[in-house]
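The analysis underlying the following values was restricted to heavy atoms, covering all of them including side chains, and did not include hydrogens, waters or symmetry mates.
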Amino acid sequence: MEVSTEIVALLVILVFTALLLLAIRTSRNSREQKTAQASTLGFKALSEIPDELSSRVNNLFRNQQTQSLSITEPYHQHDFERDLYIFDLDNTTGQDTEIGSEIFGVISRQLALPHFSLTSLPPFNTDNMLGNLIDMVLDKVLDVAEKYQGLKRIEFPDQPGYENQFVIFGQDEYAVLNMLDGVNLRALSRNKNYLHLAGSGDFLTIDFSIPTTPRDPNRDFRAQYQEFLSLVQMFEEG
(Lines give C-alpha, C1' and ligand atoms only; values in the text may rest on other atoms or scores of the structure.)
Protein backbone atom coordinates (compact mmCIF):
# COMPACT_ATOMS: atom_id res chain seq x y z
CA MET A 1 0.00 0.00 0.00
CA GLU A 2 1.47 3.27 -1.11
CA VAL A 3 1.04 6.40 0.95
CA SER A 4 0.70 9.61 -1.01
CA THR A 5 3.11 12.51 -0.48
CA GLU A 6 0.20 14.71 0.61
CA ILE A 7 -0.75 12.32 3.45
CA VAL A 8 2.86 12.09 4.65
CA ALA A 9 3.14 15.87 4.63
CA LEU A 10 -0.15 16.16 6.54
CA LEU A 11 1.04 13.66 9.16
CA VAL A 12 4.30 15.57 9.60
CA ILE A 13 2.39 18.83 10.07
CA LEU A 14 0.03 17.22 12.60
CA VAL A 15 2.93 15.75 14.61
CA PHE A 16 4.79 19.07 14.55
CA THR A 17 1.65 20.93 15.67
CA ALA A 18 1.06 18.47 18.49
CA LEU A 19 4.65 18.83 19.71
CA LEU A 20 4.40 22.62 19.51
CA LEU A 21 1.16 22.66 21.52
CA LEU A 22 2.70 20.32 24.09
CA ALA A 23 5.75 22.59 24.43
CA ILE A 24 3.53 25.67 24.85
CA ARG A 25 1.38 23.91 27.43
CA THR A 26 4.44 22.69 29.36
CA SER A 27 5.96 26.17 29.28
CA ARG A 28 2.66 27.70 30.46
CA ASN A 29 2.40 25.18 33.28
CA SER A 30 5.99 25.93 34.29
CA ARG A 31 5.29 29.68 34.36
CA GLU A 32 2.10 29.15 36.32
CA GLN A 33 3.94 26.97 38.81
CA LYS A 34 6.70 29.55 39.20
CA THR A 35 4.16 32.36 39.62
CA ALA A 36 2.33 30.36 42.30
CA GLN A 37 5.59 29.64 44.15
CA ALA A 38 6.75 33.25 43.91
CA SER A 39 3.35 34.50 45.07
CA THR A 40 3.51 32.42 48.26
CA LEU A 41 6.80 34.19 49.05
CA GLY A 42 5.29 37.65 48.54
CA PHE A 43 6.53 38.29 44.99
CA LYS A 44 4.42 39.77 42.20
CA ALA A 45 4.94 39.16 38.48
CA LEU A 46 6.09 42.23 36.52
CA SER A 47 4.83 43.08 33.05
CA GLU A 48 7.88 45.29 32.34
CA ILE A 49 11.53 45.18 33.34
CA PRO A 50 12.31 48.00 35.82
CA ASP A 51 15.12 50.32 34.72
CA GLU A 52 16.85 49.98 38.09
CA LEU A 53 17.04 46.20 37.60
CA SER A 54 18.03 46.31 33.93
CA SER A 55 20.87 48.79 34.46
CA ARG A 56 22.35 46.82 37.34
CA VAL A 57 22.11 43.48 35.53
CA ASN A 58 23.88 44.91 32.48
CA ASN A 59 26.60 46.43 34.64
CA LEU A 60 27.13 43.16 36.51
CA PHE A 61 26.85 40.49 33.82
CA ARG A 62 27.88 42.11 30.56
CA ASN A 63 31.47 41.20 29.76
CA GLN A 64 34.02 43.08 27.68
CA GLN A 65 32.71 41.60 24.45
CA THR A 66 29.67 42.95 22.65
CA GLN A 67 26.81 41.23 24.40
CA SER A 68 23.05 41.58 24.56
CA LEU A 69 21.25 40.42 27.71
CA SER A 70 17.59 39.54 28.07
CA ILE A 71 15.77 39.50 31.42
CA THR A 72 12.63 37.36 31.38
CA GLU A 73 9.94 36.27 33.84
CA PRO A 74 10.70 38.97 36.45
CA TYR A 75 9.10 39.01 39.90
CA HIS A 76 9.41 41.74 42.51
CA GLN A 77 8.92 42.28 46.23
CA HIS A 78 9.61 45.42 48.26
CA ASP A 79 11.00 44.59 51.69
CA PHE A 80 11.74 47.66 53.86
CA GLU A 81 14.90 49.18 52.31
CA ARG A 82 15.33 46.30 49.86
CA ASP A 83 13.94 45.53 46.45
CA LEU A 84 13.96 41.77 45.89
CA TYR A 85 13.74 40.15 42.45
CA ILE A 86 13.53 36.74 40.82
CA PHE A 87 14.34 36.55 37.10
CA ASP A 88 15.81 34.50 34.27
CA LEU A 89 18.77 35.85 32.30
CA ASP A 90 19.90 34.97 28.78
CA ASN A 91 22.69 36.08 26.49
CA THR A 92 20.91 36.77 23.21
CA THR A 93 24.02 37.60 21.20
CA GLY A 94 24.14 35.10 18.35
CA GLN A 95 22.92 31.78 19.69
CA ASP A 96 20.73 32.08 22.78
CA THR A 97 22.63 31.03 25.90
CA GLU A 98 21.08 30.79 29.34
CA ILE A 99 23.16 32.63 31.92
CA GLY A 100 20.93 31.75 34.85
CA SER A 101 17.41 30.63 35.69
CA GLU A 102 15.39 31.81 38.66
CA ILE A 103 18.16 34.12 39.82
CA PHE A 104 17.48 35.83 43.13
CA GLY A 105 18.56 39.48 43.19
CA VAL A 106 18.47 42.30 45.70
CA ILE A 107 19.00 46.06 45.57
CA SER A 108 19.83 47.16 49.10
CA ARG A 109 21.05 50.39 50.66
CA GLN A 110 23.00 48.27 53.14
CA LEU A 111 25.24 46.88 50.39
CA ALA A 112 28.43 48.49 49.11
CA LEU A 113 30.07 45.69 47.16
CA PRO A 114 33.11 45.65 44.89
CA HIS A 115 32.48 44.07 41.49
CA PHE A 116 32.95 40.35 42.15
CA SER A 117 31.86 36.87 41.16
CA LEU A 118 31.97 33.84 43.49
CA THR A 119 31.24 30.27 42.42
CA SER A 120 31.23 27.20 44.63
CA LEU A 121 33.05 24.12 43.31
CA PRO A 122 32.06 20.46 43.56
CA PRO A 123 34.36 18.47 45.87
CA PHE A 124 37.28 16.70 44.20
CA ASN A 125 40.48 15.08 45.44
CA THR A 126 43.66 16.56 43.97
CA ASP A 127 45.80 13.76 45.46
CA ASN A 128 44.89 11.20 42.79
CA MET A 129 45.38 11.19 39.02
CA LEU A 130 41.73 11.96 38.23
CA GLY A 131 41.74 14.81 40.71
CA ASN A 132 44.92 16.23 39.20
CA LEU A 133 43.40 16.02 35.71
CA ILE A 134 40.24 17.80 36.88
CA ASP A 135 42.44 20.39 38.57
CA MET A 136 44.36 21.04 35.33
CA VAL A 137 41.17 21.30 33.28
CA LEU A 138 39.66 23.60 35.92
CA ASP A 139 42.68 25.89 35.74
CA LYS A 140 42.22 26.20 31.96
CA VAL A 141 38.51 26.91 32.35
CA LEU A 142 39.22 29.57 34.95
CA ASP A 143 41.84 31.17 32.70
CA VAL A 144 39.23 31.49 29.94
CA ALA A 145 36.70 32.82 32.44
CA GLU A 146 39.13 35.55 33.43
CA LYS A 147 39.41 36.77 29.86
CA TYR A 148 35.69 36.30 29.14
CA GLN A 149 34.44 38.11 32.22
CA GLY A 150 37.01 40.86 32.15
CA LEU A 151 37.66 40.14 35.84
CA LYS A 152 40.82 38.68 37.33
CA ARG A 153 41.12 35.54 39.43
CA ILE A 154 41.56 36.26 43.13
CA GLU A 155 43.51 33.79 45.26
CA PHE A 156 43.26 33.04 48.99
CA PRO A 157 46.84 33.50 50.23
CA ASP A 158 45.81 33.52 53.89
CA GLN A 159 43.09 30.86 53.58
CA PRO A 160 44.43 28.12 51.24
CA GLY A 161 41.77 25.63 52.36
CA TYR A 162 39.11 27.52 50.45
CA GLU A 163 40.83 27.52 47.05
CA ASN A 164 39.33 24.12 46.18
CA GLN A 165 35.87 25.21 47.33
CA PHE A 166 35.37 28.60 45.70
CA VAL A 167 36.41 30.46 42.59
CA ILE A 168 36.39 34.23 42.93
CA PHE A 169 36.90 36.93 40.33
CA GLY A 170 36.98 40.67 40.85
CA GLN A 171 38.11 44.00 39.45
CA ASP A 172 39.77 45.28 42.62
CA GLU A 173 41.62 42.47 44.40
CA TYR A 174 42.15 44.43 47.62
CA ALA A 175 38.48 45.47 47.83
CA VAL A 176 37.25 41.91 47.19
CA LEU A 177 39.60 40.38 49.78
CA ASN A 178 38.54 43.05 52.26
CA MET A 179 34.90 42.16 51.59
CA LEU A 180 35.62 38.45 52.09
CA ASP A 181 37.18 39.17 55.50
CA GLY A 182 33.71 40.17 56.68
CA VAL A 183 31.92 37.21 55.09
CA ASN A 184 31.51 33.85 56.81
CA LEU A 185 33.26 31.62 54.28
CA ARG A 186 32.98 28.68 56.63
CA ALA A 187 29.18 28.92 56.46
CA LEU A 188 29.35 29.18 52.67
CA SER A 189 31.62 26.13 52.47
CA ARG A 190 29.07 24.06 54.42
CA ASN A 191 26.41 24.79 51.81
CA LYS A 192 25.58 21.59 49.91
CA ASN A 193 24.03 23.43 46.96
CA TYR A 194 25.76 24.86 43.93
CA LEU A 195 26.01 28.63 44.32
CA HIS A 196 26.94 31.43 41.98
CA LEU A 197 27.03 34.87 43.58
CA ALA A 198 27.75 38.11 41.77
CA GLY A 199 27.62 41.63 43.07
CA SER A 200 28.52 45.25 42.52
CA GLY A 201 27.56 48.34 44.51
CA ASP A 202 24.09 47.94 46.01
CA PHE A 203 23.21 44.91 43.86
CA LEU A 204 23.72 41.21 44.72
CA THR A 205 22.51 38.15 42.82
CA ILE A 206 22.49 34.48 43.82
CA ASP A 207 21.90 31.72 41.28
CA PHE A 208 21.19 28.21 42.60
CA SER A 209 20.76 26.64 39.16
CA ILE A 210 23.52 24.31 38.00
CA PRO A 211 24.76 25.09 34.46
CA THR A 212 24.05 22.57 31.66
CA THR A 213 21.53 20.61 33.77
CA PRO A 214 17.72 20.72 33.55
CA ARG A 215 15.74 22.49 36.23
CA ASP A 216 14.65 20.30 39.10
CA PRO A 217 10.83 20.51 39.31
CA ASN A 218 11.01 19.22 42.90
CA ARG A 219 13.45 21.87 44.13
CA ASP A 220 12.59 23.55 47.41
CA PHE A 221 11.93 27.09 46.19
CA ARG A 222 11.09 28.36 49.68
CA ALA A 223 14.32 26.92 51.14
CA GLN A 224 16.33 28.66 48.39
CA TYR A 225 14.56 31.93 49.17
CA GLN A 226 15.38 31.63 52.89
CA GLU A 227 18.99 30.84 52.05
CA PHE A 228 19.07 33.83 49.72
CA LEU A 229 17.89 36.12 52.53
CA SER A 230 20.53 34.69 54.89
CA LEU A 231 23.29 35.30 52.36
CA VAL A 232 22.04 38.84 51.69
CA GLN A 233 22.16 39.56 55.42
CA MET A 234 25.66 38.11 55.60
CA PHE A 235 26.92 40.50 52.92
CA GLU A 236 24.98 43.46 54.37
CA GLU A 237 26.57 42.92 57.78
CA GLY A 238 30.00 42.28 56.30
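- No donor-acceptor pair under 3.5 Å is formed between the side chain of Ser54 and the backbone N or O of Pro50.
- In this structure, the ring of Phe228 has its center no less than 6.0 angstrom from the ring center of Phe208.
- Test Leu177, Leu197, Val176 against Ile168 for side-chain contact (heavy atoms from CB on, under 4.5 Å) and you get one pass: Val176.
- Without hydrogens or angle criteria, Asp88 side chain to Glu102 main chain gives a donor-acceptor distance under 3.5 Å.
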Item to check | Audit row: Phe235, Phe116, ring-ring contact (aromatic ring centres under 6.0 Å, His included) steps and yes/no | outcome: CA-CA 12 Å; Phe235 278 86; Phe116 81 100; 5.8 Å; yes
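- Between Arg82 and the options Leu229, Leu111, Ile107, a side-chain contact (heavy atoms from CB on, under 4.5 Å) holds for only Leu229.
- Heavy-atom minimum distance, Asn59 versus Ser200: ND2-OG, 3.5 Å.
- Of all non-hydrogen atoms in Val57 and Phe87, the two that sit nearest each other are CG2-CZ, 4.0 Å.
- Annotation for Phe203 and Arg56: closest pair CD2-CB, 3.5 Å, computed over non-hydrogen atoms.
- The side-chain heavy atoms of Thr205 and Tyr85, taken from C-beta on, include no pair separated by under 4.5 Å.
- The aromatic ring centroids of Tyr75 and Phe104 lie 6.0 Å or more from each other.
- Asp172 and His115 share no donor-acceptor pair across their side chains, judged by distance under 3.5 Å alone.
- Taken from CD1 in Ile103 to CD1 in Ile206, the straight-line distance is 11.0 Å, to the nearest 0.5 Å.
- Minimum interatomic distance between Ala38 and Ile86 (heavy atoms only, all atoms of both residues): CB-CD1, 4.5 Å.
- Judged purely by atom type and a 3.5 angstrom limit, His196 has no side-chain atom pairing as donor or acceptor with the backbone of Ala198.
- In the model, Glu81 has no side-chain atom that pairs as donor or acceptor with a side-chain atom of Ser108 under 3.5 Å.
- Minimum heavy-atom separation, Ser101 to Asp207: O-OD1, 3.5 Å.
- From Ser39, atom OG reaches atom CD of Gln77 across 10.5 Å, with rounding to the nearest 0.5 Å.
- For the pair Phe169 and Thr119, the minimum side-chain heavy-atom distance is 4.5 Å or more.
- In this structure, CD1 in Ile71 is found 6.5 Å from CG in Asn58, a value given to the nearest 0.5 Å.
- Put simply, CG on Leu89 and OG1 on Thr72 are 8.0 Å apart, with the number rounded to the nearest 0.5 Å.
- Taken from CZ in Phe43 to CG in Leu46, the straight-line distance is 10.5 Å, to the nearest 0.5 Å.
- Nearest heavy atoms, Pro74 versus Ile49: CG-CD1, 3.4 Å.
- Between the CG atom of Leu118 and the CE atom of Met179 there is a distance of 7.0 Å, given to the nearest 0.5 Å.
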